[in-house]
Amino acid sequence: MADTSPIENKIGLLIWKTSNFWQSNLRKILNPHNISLNEYLILQSIKYLIEEKSNIYQNEIADFIGIDISVTSVTLKSLEQKKYISRQVIADNRKKIINILQQGEDLFQILYPLIEKEEELLFNNLKNETFNFT
């Protein structure tokens, strides 16, 4: 039998540790820019969704990224206060169209390559196992 630590048999714990490691490394990149990981991930989601369709809504962002709608709402409010996005009410106050502003676009263009490079370094060792991992 292989000499393994007890943690190597606990897939949930390994995923949790990997996630914490990933988050910690990304926060080191984001902190100097005064943006949280949630804010960045939502900004990235907005960028992706806007390429797919012209009008996107808060609930679509929450569904896409897989976080609670209330967390999405609070984070969008923070991004709006920082002038990275705008939220526009069309007919129903509960449905706001989300747009990225130039300042948000500029920040994303700075951060995206840094995040991509860090993720490549973190997960490069997966190589052929990337598909199985995801």
Side-chain angles (χ1 to χ4, degrees):
M1 183 182 262
D3 184 26
T4 61
S5 73
I7 194 171
E8 290 177 10
N9 296 320
K10 301 291 184 190
I11 189 72
L13 187 55
L14 288 170
I15 291 170
W16 181 74
K17 285 183 70 170
T18 302
S19 176
N20 283 340
F21 184 69
W22 170 77
Q23 290 178 51
S24 175
N25 285 16
L26 295 191
R27 283 186 182 110
K28 289 175 188 170
I29 295 168
L30 299 171
N31 284 344
H33 299 277
N34 194 30
I35 186 168
S36 72
L37 183 55
N38 276 355
E39 289 171 331
Y40 174 78
L41 294 174
I42 286 179
L43 197 62
Q44 183 179 34
S45 299
I46 292 168
K47 286 285 295 170
Y48 177 82
L49 291 169
I50 284 176
E51 290 176 10
E52 299 295 312
K53 57 187 261 187
S54 56
N55 291 338
I56 60 168
Y57 300 95
Q58 176 176 310
N59 64 315
E60 294 172 314
I61 296 166
D63 290 342
F64 178 76
I65 199 170
I67 60 174
D68 188 81
I69 192 76
S70 62
V71 173
T72 304
S73 179
V74 168
T75 306
L76 286 170
K77 188 178 289 188
S78 175
L79 286 168
E80 187 176 35
Q81 289 170 344
K82 292 178 178 183
K83 309 284 191 239
Y84 294 140
I85 63 145
S86 66
R87 297 186 296 172
Q88 180 183 12
V89 176
I90 297 299
D92 183 348
N93 194 36
R94 294 170 296 171
K95 287 197 105 176
K96 296 176 181 152
I97 295 175
I98 311 298
N99 288 299
I100 191 165
L101 299 175
Q102 189 60 51
Q103 191 170 328
E105 181 70 41
D106 293 345
L107 179 65
F108 184 78
Q109 294 306 320
I110 291 167
L111 293 175
Y112 183 75
L114 299 173
I115 297 294
E116 286 295 301
K117 182 179 178 183
E118 184 62 28
E119 287 182 333
E120 185 178 312
L121 289 170
L122 288 171
F123 300 114
N124 193 38
N125 288 338
L126 289 173
K127 296 186 187 344
N128 296 345
E129 293 298 318
T130 301
F131 178 78
N132 290 335
F133 182 75
T134 56

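This one's a predicted model, so the numbers in the text were calculated from it and none came from an experiment.
Partners of Gln81 according to the side-chain hydrogen bond (donor to acceptor under 3.5 Å, both in side chains) rule, which considers only residues two or more places apart in sequence or in another chain, do not exist here. With sequence neighbours left out, the side-chain hydrogen bond (donor to acceptor under 3.5 Å, both in side chains) criterion links Lys82 to Glu39. For Phe21, there are no ring pair (Phe, Tyr, Trp, His ring centres under 6.0 Å) partners at least two apart in sequence or on another chain. Asp106 pairs by the side-chain hydrogen bond (donor to acceptor under 3.5 Å, both in side chains) definition with Gln102, not counting sequence neighbours. Applying the side-chain contact (heavy atoms from CB on, under 4.5 Å) rule to Asp68 yields the partners Ser70, Val71; only residues at least two apart in sequence or on another chain are considered. Shown here are the side-chain contact (heavy atoms from CB on, under 4.5 Å) partners of Asn20, two or more places apart in sequence or in another chain: Trp16, Gln23. In terms of the side-chain contact (heavy atoms from CB on, under 4.5 Å) criterion, residue partners of Asn59 (sequence neighbours excluded) are, by chain and number, Tyr57, Ile69. The side-chain contact (heavy atoms from CB on, under 4.5 Å) check on Ser45 picks up Ile61, Phe64, Ile65, with sequence neighbours excluded. Not counting sequence neighbours, the partners of Lys47 by the salt bridge (Lys or Arg N to Asp or Glu O under 4.0 Å) test are Glu105. Not counting sequence neighbours, Arg27 has no partner by the salt bridge (Lys or Arg N to Asp or Glu O under 4.0 Å) test.
Note that CG of Leu79 and OG1 of Thr72 are 10.5 Å apart. Values are rounded to the nearest 0.5 Å. Interatomic distance, Ile110 CD1 to Ile29 CD1, rounded to the nearest 0.5 Å: 13.0 Å. If you take CD1 on Ile35 and CD1 on Ile42, they are separated by 10.0 Å, rounding to the nearest 0.5 Å. To the nearest 0.5 Å, the span separating CG on Asn38 from OG1 on Thr75 amounts to 4.5 Å. Rounding to the nearest 0.5 Å places CG of Leu26 at 7.0 Å from CG of Leu122. Here the straight-line distance linking atom OG of Ser54 with atom CD1 of Ile97 works out to 8.0 Å at 0.5 Å rounding.
Taking every heavy atom of both residues into account, Tyr84 and His33 meet most closely at OH-O, 4.1 Å. Counting all heavy atoms, side chain and backbone alike, Ile85 lies closest to Leu76 at CD1-O, 3.4 Å. Nearest heavy atoms, Ser73 versus Gln58: CB-NE2, 3.3 Å.
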Could you give the side-chain donor-acceptor pairs of residues 112-121 under 3.5 Å, partners two or more places apart or in another chain?
residue: Glu118; atom: OE2; partner: Asn25; partner atom: ND2; Å: 3.0
residue: Glu119; atom: OE2; partner: Trp22; partner atom: NE1; Å: 2.9

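One hydrophobic cluster, built from ILVMFWY side chains closer than 4.5 Å, holds both Tyr48 and Tyr40. Cluster membership check: Phe108 shares its hydrophobic cluster with Ile50, using side-chain heavy-atom separations under 4.5 Å among Ile, Leu, Val, Met, Phe, Trp and Tyr.
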Point to revise | Phe123 and Thr18: CA distance, side-chain angles, deciding distance, side-chain contact (heavy atoms from CB on, under 4.5 Å) verdict | key: CA-CA 10 Å; Phe123 300 114; Thr18 302; 4.0 Å; yes
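Annotation: side chain of Asn99 is in contact with side chain of Gln88 (closest heavy-atom distance under 4.5 Å).
Listed by first then second residue, pairs satisfying salt bridge (charged side-chain N to carboxylate O under 4.0 Å, His left out) with a partner in residues 51-61 read Lys53-Glu60, not counting sequence neighbours.
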